[in-house]
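Structure first, then comments.
Throughout, residue positions are numbered sequentially from 1 according to the sequence presented.
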Amino acid sequence: MASTHGAEVLVASNRGPVSYESRPDGALHARRGGGGLVSGLSAIGPDANAVWVCAALGDGDREAVRRAGGGLLPAEDTGGQHVRMLGIDPDVHAEAYNGIANSVLWFVHHMLYQTPLEPIFDAGFRRQWAAYQAYNHAFAEALAEEAAEGASVLIQDYHLALAPRMLRQLRPDLRIGHFSHTPWAPPDYFRLLPDDIAAELLTGILGADRAAFLTHRWADAFTDCCHAVLGPGIPSGTRIGVHGLGADADFLRERAHRDDVAERMAALRAEIGEGRKAVVRVDRTELSKNIVRGLLAYRQLLEDHPEWRERVVHLAFAYPSRQDLAVYREYTAEVRQYAEEINSTFGTPDWKPVVLHVKDDFARSLAAYRLADVALVNPIRDGMNLVAKEVPVVSDEGCVLVLSREAGAYEELGEDAIVVNPYDIGGTARALHEGLSMAPGERAERSKRLAAAATALPPTRWFLDQLQALQE
(Lines give C-alpha, C1' and ligand atoms only; values in the text may rest on other atoms or scores of the structure.)
Protein backbone atom coordinates (compact mmCIF):
# COMPACT_ATOMS: atom_id res chain seq x y z
CA MET A 1 0.00 0.00 0.00
CA ALA A 2 1.44 3.38 -1.00
CA SER A 3 1.91 6.23 1.44
CA THR A 4 -0.24 9.37 1.03
CA HIS A 5 1.63 11.87 3.20
CA GLY A 6 4.90 10.17 4.05
CA ALA A 7 4.96 10.70 7.83
CA GLU A 8 8.12 9.45 9.55
CA VAL A 9 6.56 9.18 13.05
CA LEU A 10 2.94 8.25 13.73
CA VAL A 11 0.87 7.96 16.91
CA ALA A 12 -2.50 6.19 17.05
CA SER A 13 -4.98 6.46 19.90
CA ASN A 14 -8.73 6.46 20.38
CA ARG A 15 -8.76 10.04 21.72
CA GLY A 16 -6.73 12.62 19.88
CA PRO A 17 -5.15 15.94 20.88
CA VAL A 18 -8.17 17.99 19.77
CA SER A 19 -11.95 17.76 20.02
CA TYR A 20 -14.65 19.81 18.32
CA GLU A 21 -17.91 21.34 19.49
CA SER A 22 -20.60 22.50 17.06
CA ARG A 23 -21.85 26.02 17.83
CA PRO A 24 -25.46 27.14 17.12
CA ASP A 25 -24.23 29.31 14.24
CA GLY A 26 -22.67 26.28 12.55
CA ALA A 27 -19.11 27.16 13.53
CA LEU A 28 -16.83 24.50 15.02
CA HIS A 29 -14.95 25.28 18.23
CA ALA A 30 -11.71 23.31 18.61
CA ARG A 31 -10.44 22.45 22.08
CA ARG A 32 -6.90 21.14 22.48
CA GLY A 33 -6.18 18.49 25.07
CA GLY A 34 -3.17 17.70 27.23
CA GLY A 35 -1.54 14.61 28.66
CA GLY A 36 1.59 12.58 28.16
CA LEU A 37 1.10 11.85 24.46
CA VAL A 38 0.53 15.51 23.59
CA SER A 39 3.67 16.50 25.53
CA GLY A 40 5.64 13.66 24.01
CA LEU A 41 4.72 14.35 20.42
CA SER A 42 5.51 18.05 20.84
CA ALA A 43 8.95 17.06 22.18
CA ILE A 44 10.08 15.69 18.83
CA GLY A 45 9.60 19.14 17.29
CA PRO A 46 7.55 20.61 14.43
CA ASP A 47 9.99 19.40 11.77
CA ALA A 48 9.70 15.71 12.72
CA ASN A 49 7.08 14.99 10.03
CA ALA A 50 4.69 13.32 12.48
CA VAL A 51 0.99 12.45 12.17
CA TRP A 52 -1.45 11.59 14.95
CA VAL A 53 -4.33 9.28 13.95
CA CYS A 54 -7.38 9.27 16.24
CA ALA A 55 -11.13 8.64 16.19
CA ALA A 56 -13.96 11.15 15.91
CA LEU A 57 -15.76 10.87 19.25
CA GLY A 58 -18.79 13.11 18.82
CA ASP A 59 -20.92 15.01 16.34
CA GLY A 60 -18.55 17.99 16.35
CA ASP A 61 -15.58 15.75 15.58
CA ARG A 62 -17.46 14.01 12.76
CA GLU A 63 -18.39 17.35 11.23
CA ALA A 64 -14.72 18.40 11.39
CA VAL A 65 -13.77 15.18 9.58
CA ARG A 66 -16.39 15.88 6.91
CA ARG A 67 -15.13 19.44 6.37
CA ALA A 68 -11.53 18.18 6.16
CA GLY A 69 -12.58 15.67 3.51
CA GLY A 70 -11.20 12.82 5.60
CA GLY A 71 -7.71 14.32 5.48
CA LEU A 72 -5.61 16.18 8.02
CA LEU A 73 -7.36 18.64 10.34
CA PRO A 74 -6.56 22.38 10.07
CA ALA A 75 -3.22 23.09 11.74
CA GLU A 76 -4.62 26.13 13.58
CA ASP A 77 -7.02 23.79 15.45
CA THR A 78 -4.32 21.32 16.49
CA GLY A 79 -1.52 23.56 17.68
CA GLY A 80 0.42 22.89 14.50
CA GLN A 81 0.35 19.10 14.86
CA HIS A 82 -0.68 16.97 11.89
CA VAL A 83 -3.83 15.13 13.00
CA ARG A 84 -5.96 12.75 10.98
CA MET A 85 -9.29 12.05 12.65
CA LEU A 86 -11.25 9.00 11.51
CA GLY A 87 -14.98 9.31 10.91
CA ILE A 88 -15.76 5.74 11.96
CA ASP A 89 -19.47 4.90 11.87
CA PRO A 90 -20.90 5.97 15.28
CA ASP A 91 -22.56 2.60 15.85
CA VAL A 92 -19.35 0.73 15.07
CA HIS A 93 -17.41 3.03 17.39
CA ALA A 94 -19.94 2.60 20.20
CA GLU A 95 -19.89 -1.20 19.93
CA ALA A 96 -16.08 -1.26 19.81
CA TYR A 97 -15.47 1.37 22.50
CA ASN A 98 -18.23 0.76 25.04
CA GLY A 99 -19.11 -2.82 24.13
CA ILE A 100 -15.60 -4.31 23.94
CA ALA A 101 -12.87 -1.89 25.07
CA ASN A 102 -14.59 -0.51 28.18
CA SER A 103 -16.97 -3.33 29.09
CA VAL A 104 -14.78 -6.35 28.34
CA LEU A 105 -11.06 -5.55 27.98
CA TRP A 106 -11.03 -2.96 30.78
CA PHE A 107 -12.91 -5.37 33.06
CA VAL A 108 -10.55 -8.25 32.26
CA HIS A 109 -7.32 -6.31 32.82
CA HIS A 110 -8.62 -4.69 36.02
CA MET A 111 -10.17 -7.99 37.18
CA LEU A 112 -13.55 -6.35 37.86
CA TYR A 113 -16.04 -9.04 36.86
CA GLN A 114 -18.52 -10.53 39.34
CA THR A 115 -17.82 -13.96 37.91
CA PRO A 116 -20.97 -15.77 39.14
CA LEU A 117 -22.95 -13.47 36.84
CA GLU A 118 -20.51 -12.13 34.26
CA PRO A 119 -19.03 -12.12 31.68
CA ILE A 120 -21.45 -13.68 29.19
CA PHE A 121 -19.90 -14.20 25.78
CA ASP A 122 -22.92 -14.72 23.54
CA ALA A 123 -24.00 -13.71 20.05
CA GLY A 124 -24.24 -10.07 21.13
CA PHE A 125 -20.61 -10.16 22.23
CA ARG A 126 -19.58 -11.61 18.86
CA ARG A 127 -21.40 -8.77 17.09
CA GLN A 128 -19.52 -6.24 19.22
CA TRP A 129 -16.24 -8.05 18.58
CA ALA A 130 -16.79 -7.69 14.84
CA ALA A 131 -17.16 -3.93 15.42
CA TYR A 132 -13.91 -3.90 17.44
CA GLN A 133 -12.16 -5.63 14.54
CA ALA A 134 -13.56 -3.09 12.06
CA TYR A 135 -12.55 -0.18 14.31
CA ASN A 136 -8.98 -1.51 14.58
CA HIS A 137 -8.83 -2.12 10.82
CA ALA A 138 -9.84 1.48 10.13
CA PHE A 139 -6.85 2.64 12.16
CA ALA A 140 -4.51 0.18 10.44
CA GLU A 141 -5.59 1.38 7.00
CA ALA A 142 -5.18 5.06 7.94
CA LEU A 143 -1.72 4.46 9.42
CA ALA A 144 -0.70 2.51 6.33
CA GLU A 145 -1.80 5.40 4.12
CA GLU A 146 -0.01 8.09 6.16
CA ALA A 147 3.31 6.35 6.87
CA ALA A 148 6.50 6.83 4.89
CA GLU A 149 8.68 3.84 4.02
CA GLY A 150 10.19 2.45 7.24
CA ALA A 151 8.32 4.92 9.48
CA SER A 152 7.91 4.44 13.24
CA VAL A 153 4.36 3.90 14.51
CA LEU A 154 3.39 4.04 18.20
CA ILE A 155 -0.06 2.49 18.77
CA GLN A 156 -1.71 3.17 22.10
CA ASP A 157 -3.65 1.02 24.50
CA TYR A 158 -6.33 -1.65 24.77
CA HIS A 159 -8.63 0.08 22.29
CA LEU A 160 -6.18 -0.82 19.52
CA ALA A 161 -4.84 -4.24 20.47
CA LEU A 162 -5.52 -5.72 17.02
CA ALA A 163 -4.11 -2.83 14.98
CA PRO A 164 -0.40 -3.82 15.11
CA ARG A 165 -0.99 -7.18 13.38
CA MET A 166 -3.38 -5.61 10.87
CA LEU A 167 -0.89 -2.84 10.08
CA ARG A 168 1.95 -5.34 9.77
CA GLN A 169 -0.03 -7.19 7.09
CA LEU A 170 -0.61 -3.94 5.18
CA ARG A 171 2.87 -2.44 5.64
CA PRO A 172 5.58 -4.95 6.62
CA ASP A 173 8.22 -2.23 6.16
CA LEU A 174 7.10 -0.22 9.21
CA ARG A 175 8.54 -0.21 12.72
CA ILE A 176 5.52 -0.76 14.96
CA GLY A 177 5.24 -0.32 18.71
CA HIS A 178 2.27 -0.93 20.99
CA PHE A 179 1.94 0.56 24.48
CA SER A 180 -0.52 -0.68 27.13
CA HIS A 181 -1.60 2.01 29.61
CA THR A 182 -3.63 -0.47 31.70
CA PRO A 183 -2.55 -3.41 33.82
CA TRP A 184 -2.38 -6.77 32.08
CA ALA A 185 -4.42 -9.61 33.52
CA PRO A 186 -2.68 -12.79 34.76
CA PRO A 187 -3.29 -15.89 32.62
CA ASP A 188 -6.02 -17.44 34.78
CA TYR A 189 -8.12 -14.28 34.56
CA PHE A 190 -7.23 -13.43 30.96
CA ARG A 191 -8.51 -16.85 29.94
CA LEU A 192 -12.02 -15.87 30.95
CA LEU A 193 -12.07 -14.66 27.35
CA PRO A 194 -13.06 -17.16 24.66
CA ASP A 195 -9.94 -18.98 23.48
CA ASP A 196 -10.00 -17.56 19.96
CA ILE A 197 -10.47 -13.99 21.24
CA ALA A 198 -7.64 -14.34 23.77
CA ALA A 199 -5.34 -15.59 21.02
CA GLU A 200 -6.42 -12.83 18.63
CA LEU A 201 -5.68 -10.12 21.19
CA LEU A 202 -2.23 -11.49 21.95
CA THR A 203 -1.27 -12.05 18.32
CA GLY A 204 -2.63 -8.59 17.52
CA ILE A 205 -0.12 -6.96 19.88
CA LEU A 206 2.59 -9.40 18.81
CA GLY A 207 2.25 -7.91 15.34
CA ALA A 208 4.34 -5.07 16.77
CA ASP A 209 8.13 -5.06 16.81
CA ARG A 210 7.93 -3.92 20.40
CA ALA A 211 5.20 -4.20 23.06
CA ALA A 212 5.65 -1.90 26.06
CA PHE A 213 4.04 -1.58 29.48
CA LEU A 214 4.03 0.74 32.48
CA THR A 215 5.61 -1.75 34.92
CA HIS A 216 7.54 -5.00 34.92
CA ARG A 217 4.56 -6.68 36.58
CA TRP A 218 2.25 -5.96 33.65
CA ALA A 219 4.93 -6.88 31.10
CA ASP A 220 5.50 -10.22 32.85
CA ALA A 221 1.75 -10.89 32.93
CA PHE A 222 1.56 -10.32 29.18
CA THR A 223 4.36 -12.76 28.43
CA ASP A 224 2.80 -15.28 30.84
CA CYS A 225 -0.46 -15.00 28.88
CA CYS A 226 1.40 -15.51 25.60
CA HIS A 227 2.97 -18.70 26.94
CA ALA A 228 -0.31 -19.97 28.40
CA VAL A 229 -2.49 -19.23 25.37
CA LEU A 230 -0.10 -19.46 22.42
CA GLY A 231 2.54 -21.83 23.70
CA PRO A 232 6.12 -21.39 24.97
CA GLY A 233 8.19 -18.50 23.67
CA ILE A 234 7.17 -15.46 21.64
CA PRO A 235 7.60 -16.69 18.07
CA SER A 236 7.03 -13.28 16.50
CA GLY A 237 10.27 -11.97 17.96
CA THR A 238 8.40 -9.05 19.52
CA ARG A 239 10.57 -7.29 22.11
CA ILE A 240 9.03 -6.40 25.47
CA GLY A 241 9.73 -3.04 27.13
CA VAL A 242 8.83 -1.12 30.28
CA HIS A 243 8.41 2.67 30.51
CA GLY A 244 6.95 3.98 33.77
CA LEU A 245 5.25 7.24 32.83
CA GLY A 246 6.13 9.97 35.32
CA ALA A 247 4.67 13.31 36.32
CA ASP A 248 5.49 16.52 34.45
CA ALA A 249 7.03 18.44 37.35
CA ASP A 250 7.69 21.73 35.56
CA PHE A 251 4.16 21.98 34.20
CA LEU A 252 2.50 20.94 37.47
CA ARG A 253 4.46 23.32 39.68
CA GLU A 254 3.90 26.27 37.36
CA ARG A 255 0.20 25.50 36.88
CA ALA A 256 -0.36 24.93 40.60
CA HIS A 257 0.72 28.49 41.43
CA ARG A 258 -1.61 30.39 39.12
CA ASP A 259 -4.32 32.69 40.46
CA ASP A 260 -7.23 30.31 39.81
CA VAL A 261 -5.58 27.65 41.97
CA ALA A 262 -4.98 30.18 44.76
CA GLU A 263 -8.70 31.09 44.66
CA ARG A 264 -9.71 27.47 44.97
CA MET A 265 -7.24 26.91 47.81
CA ALA A 266 -8.94 29.68 49.74
CA ALA A 267 -12.35 28.11 49.10
CA LEU A 268 -11.13 24.64 50.14
CA ARG A 269 -9.52 26.00 53.32
CA ALA A 270 -12.89 27.50 54.22
CA GLU A 271 -14.58 24.13 53.62
CA ILE A 272 -11.96 22.26 55.67
CA GLY A 273 -11.92 24.71 58.57
CA GLU A 274 -9.13 26.27 60.56
CA GLY A 275 -6.46 23.94 61.94
CA ARG A 276 -7.83 20.72 60.45
CA LYS A 277 -5.88 18.15 58.45
CA ALA A 278 -6.93 17.03 54.96
CA VAL A 279 -7.08 13.52 53.51
CA VAL A 280 -7.26 14.05 49.75
CA ARG A 281 -8.28 11.79 46.88
CA VAL A 282 -8.74 12.83 43.26
CA ASP A 283 -10.20 10.23 40.90
CA ARG A 284 -12.67 9.57 38.18
CA THR A 285 -15.63 7.51 39.42
CA GLU A 286 -14.07 4.52 37.74
CA LEU A 287 -14.88 1.14 39.28
CA SER A 288 -11.21 0.24 39.61
CA LYS A 289 -10.41 3.37 41.68
CA ASN A 290 -12.03 1.86 44.80
CA ILE A 291 -13.60 5.09 46.04
CA VAL A 292 -16.31 3.35 48.09
CA ARG A 293 -13.78 1.32 50.11
CA GLY A 294 -11.78 4.52 50.63
CA LEU A 295 -14.85 6.14 52.17
CA LEU A 296 -15.47 3.06 54.32
CA ALA A 297 -11.86 3.18 55.54
CA TYR A 298 -12.25 6.86 56.44
CA ARG A 299 -15.43 6.00 58.34
CA GLN A 300 -13.52 3.24 60.16
CA LEU A 301 -10.84 5.79 61.08
CA LEU A 302 -13.45 8.03 62.70
CA GLU A 303 -14.93 5.06 64.58
CA ASP A 304 -11.60 3.63 65.79
CA HIS A 305 -9.94 6.97 66.53
CA PRO A 306 -12.58 9.41 67.78
CA GLU A 307 -9.76 11.85 68.52
CA TRP A 308 -9.72 12.66 64.79
CA ARG A 309 -13.35 13.75 64.77
CA GLU A 310 -13.59 17.46 64.00
CA ARG A 311 -9.81 17.48 63.37
CA VAL A 312 -9.73 16.03 59.85
CA VAL A 313 -11.70 16.41 56.61
CA HIS A 314 -11.74 14.03 53.66
CA LEU A 315 -11.62 15.97 50.40
CA ALA A 316 -12.99 13.43 47.94
CA PHE A 317 -13.02 14.52 44.31
CA ALA A 318 -14.86 11.88 42.29
CA TYR A 319 -15.31 13.12 38.76
CA PRO A 320 -17.96 11.28 36.70
CA SER A 321 -16.63 8.75 34.19
CA ARG A 322 -18.35 6.68 31.49
CA GLN A 323 -21.81 7.75 32.59
CA ASP A 324 -23.26 6.23 29.41
CA LEU A 325 -22.74 2.83 31.09
CA ALA A 326 -25.32 1.93 33.76
CA VAL A 327 -22.82 0.27 36.09
CA TYR A 328 -20.83 3.52 36.27
CA ARG A 329 -23.92 5.62 37.00
CA GLU A 330 -24.82 3.23 39.80
CA TYR A 331 -21.31 3.39 41.22
CA THR A 332 -21.33 7.21 41.19
CA ALA A 333 -24.64 7.13 43.10
CA GLU A 334 -23.08 4.79 45.68
CA VAL A 335 -20.14 7.15 46.20
CA ARG A 336 -22.58 9.99 46.90
CA GLN A 337 -24.62 7.80 49.25
CA TYR A 338 -21.63 6.73 51.37
CA ALA A 339 -20.35 10.31 51.65
CA GLU A 340 -23.78 11.48 52.80
CA GLU A 341 -24.04 8.67 55.36
CA ILE A 342 -20.66 9.55 56.89
CA ASN A 343 -21.65 13.20 57.11
CA SER A 344 -25.02 12.41 58.68
CA THR A 345 -23.47 9.98 61.20
CA PHE A 346 -20.45 12.01 62.33
CA GLY A 347 -21.02 15.58 61.15
CA THR A 348 -21.59 18.49 63.52
CA PRO A 349 -22.83 22.01 62.87
CA ASP A 350 -19.19 23.13 62.54
CA TRP A 351 -17.67 20.10 60.82
CA LYS A 352 -18.44 18.25 57.60
CA PRO A 353 -16.31 15.07 57.63
CA VAL A 354 -16.46 14.46 53.84
CA VAL A 355 -16.35 17.24 51.26
CA LEU A 356 -17.34 15.56 48.00
CA HIS A 357 -16.95 17.29 44.64
CA VAL A 358 -18.13 15.59 41.46
CA LYS A 359 -17.63 18.36 38.89
CA ASP A 360 -14.25 18.07 37.14
CA ASP A 361 -12.05 21.06 37.97
CA PHE A 362 -8.31 20.73 37.35
CA ALA A 363 -7.43 23.93 39.22
CA ARG A 364 -9.34 22.67 42.29
CA SER A 365 -7.56 19.32 42.06
CA LEU A 366 -4.18 21.11 42.10
CA ALA A 367 -5.34 23.19 45.07
CA ALA A 368 -6.20 20.00 46.93
CA TYR A 369 -2.80 18.53 46.04
CA ARG A 370 -1.11 21.54 47.62
CA LEU A 371 -3.21 21.29 50.79
CA ALA A 372 -3.01 17.51 51.27
CA ASP A 373 -1.66 16.12 54.52
CA VAL A 374 -2.45 12.59 53.35
CA ALA A 375 -3.14 11.47 49.77
CA LEU A 376 -5.30 8.35 49.52
CA VAL A 377 -4.66 6.31 46.35
CA ASN A 378 -6.17 2.85 46.88
CA PRO A 379 -7.18 1.40 43.50
CA ILE A 380 -8.22 -2.21 43.16
CA ARG A 381 -5.86 -2.31 40.19
CA ASP A 382 -4.27 0.46 38.14
CA GLY A 383 -1.83 0.58 35.25
CA MET A 384 0.14 3.39 36.90
CA ASN A 385 -1.94 6.10 38.68
CA LEU A 386 -0.51 9.53 38.01
CA VAL A 387 -2.33 11.12 40.96
CA ALA A 388 -0.01 9.17 43.26
CA LYS A 389 2.91 10.81 41.46
CA GLU A 390 1.45 14.30 41.10
CA VAL A 391 0.47 15.01 44.72
CA PRO A 392 4.01 14.76 46.19
CA VAL A 393 5.31 16.99 43.37
CA VAL A 394 2.80 19.76 44.10
CA SER A 395 2.28 19.47 47.89
CA ASP A 396 3.26 22.63 49.78
CA GLU A 397 4.27 21.05 53.10
CA GLY A 398 4.91 17.50 51.94
CA CYS A 399 2.25 14.83 52.18
CA VAL A 400 1.98 11.19 53.21
CA LEU A 401 1.00 8.84 50.38
CA VAL A 402 -1.29 5.94 51.30
CA LEU A 403 -0.89 3.71 48.26
CA SER A 404 -2.47 0.47 47.09
CA ARG A 405 0.00 -2.30 46.34
CA GLU A 406 -2.12 -2.98 43.22
CA ALA A 407 -1.30 0.38 41.60
CA GLY A 408 1.47 0.38 39.01
CA ALA A 409 2.99 3.33 40.89
CA TYR A 410 3.73 0.96 43.78
CA GLU A 411 6.71 -0.40 41.83
CA GLU A 412 8.41 3.02 42.01
CA LEU A 413 6.87 4.67 45.09
CA GLY A 414 6.19 1.79 47.47
CA GLU A 415 9.31 2.30 49.57
CA ASP A 416 8.29 5.78 50.76
CA ALA A 417 4.50 5.31 50.81
CA ILE A 418 2.31 3.62 53.40
CA VAL A 419 1.23 0.58 51.39
CA VAL A 420 -2.21 -1.01 51.75
CA ASN A 421 -4.21 -3.98 50.52
CA PRO A 422 -7.04 -2.15 48.71
CA TYR A 423 -9.67 -4.62 49.94
CA ASP A 424 -8.70 -4.28 53.64
CA ILE A 425 -10.84 -1.55 55.18
CA GLY A 426 -9.27 -1.86 58.63
CA GLY A 427 -5.75 -1.84 57.22
CA THR A 428 -6.47 1.26 55.15
CA ALA A 429 -7.98 3.00 58.20
CA ARG A 430 -4.82 2.23 60.17
CA ALA A 431 -2.73 3.60 57.30
CA LEU A 432 -4.73 6.84 57.35
CA HIS A 433 -4.17 7.13 61.11
CA GLU A 434 -0.43 6.52 60.66
CA GLY A 435 -0.28 9.11 57.92
CA LEU A 436 -2.18 11.74 59.87
CA SER A 437 0.03 11.09 62.92
CA MET A 438 3.37 11.21 61.09
CA ALA A 439 5.88 13.78 62.32
CA PRO A 440 6.30 16.76 59.95
CA GLY A 441 10.00 16.08 59.38
CA GLU A 442 9.51 12.47 58.31
CA ARG A 443 6.55 13.45 56.18
CA ALA A 444 8.56 16.10 54.34
CA GLU A 445 11.52 13.74 53.75
CA ARG A 446 9.29 10.97 52.40
CA SER A 447 7.47 13.43 50.19
CA LYS A 448 10.75 14.73 48.75
CA ARG A 449 11.84 11.19 47.84
CA LEU A 450 8.41 10.41 46.39
CA ALA A 451 8.56 13.51 44.17
CA ALA A 452 12.02 12.55 42.90
CA ALA A 453 10.87 9.04 41.98
CA ALA A 454 7.61 10.34 40.49
CA THR A 455 9.38 12.64 38.03
CA ALA A 456 12.15 10.27 36.93
CA LEU A 457 10.57 9.71 33.48
CA PRO A 458 8.50 12.79 32.54
CA PRO A 459 6.08 12.55 29.59
CA THR A 460 8.48 13.91 26.97
CA ARG A 461 11.26 11.52 27.99
CA TRP A 462 8.76 8.65 28.29
CA PHE A 463 7.66 9.18 24.68
CA LEU A 464 11.14 9.72 23.27
CA ASP A 465 12.51 6.65 25.06
CA GLN A 466 9.86 4.49 23.37
CA LEU A 467 10.57 6.03 19.99
CA GLN A 468 14.30 5.53 20.38
CA ALA A 469 13.89 1.92 21.52
CA LEU A 470 11.66 1.21 18.50
CA GLN A 471 14.10 2.77 16.05
CA GLU A 472 17.21 1.03 17.37
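When the side chain to side chain donor-acceptor pair (under 3.5 Å) test is applied to Glu472, the partners found at least two apart in sequence or on another chain are Gln468. With sequence neighbours excluded, the residues forming a salt bridge (Lys or Arg N to Asp or Glu O under 4.0 Å) with Arg370 are Asp396, listed by chain and number. In this structure Asp465 satisfies the side chain to side chain donor-acceptor pair (under 3.5 Å) test together with Arg461, sequence neighbours excluded. Every residue was checked against the salt bridge (Lys or Arg N to Asp or Glu O under 4.0 Å) condition with Asp220, not counting sequence neighbours, and none meets it. With sequence neighbours excluded, the residues that form a side chain to side chain donor-acceptor pair (under 3.5 Å) with Arg446 are Glu442. Every residue two or more places apart in sequence or in another chain that forms a salt bridge (Lys or Arg N to Asp or Glu O under 4.0 Å) with Asp196 is listed here: Arg126.
His93 and Asn14 are linked by a side-chain donor-acceptor pair at a separation below 3.5 angstrom, with hydrogens and angles left out of the test. A side-chain donor from one of Glu390 and Tyr369 sits under 3.5 Å from a side-chain acceptor of the other. For the residue pair Asp382 and Asn385, a side-chain donor N or O sits within less than 3.5 Å of a side-chain acceptor on the partner. Under the 3.5 Å distance criterion, with hydrogens and angles disregarded, a donor-acceptor pair is assigned to the side chains of Ser365 and Tyr319. Looking at Asn102 and Tyr158, their side chains do bring a donor and an acceptor atom within 3.5 Å of each other. A donor atom on one side chain and an acceptor atom on the other are not found under 3.5 Å apart for Tyr331 and Glu286.
Annotation: Phe179 is in aromatic contact with His181 [ring centroid separation under 6.0 Å]. Residues Phe190 and Trp184 bring their aromatic ring centres within 6.0 Å.
The aromatic rings of Tyr113 and Phe121 lie perpendicular to each other, with more than 60° between the two planes, well past the 30° mark. Under the 30°/60° scheme for interplanar angles, the aromatic rings of Phe222 and Phe213 are found to be tilted.
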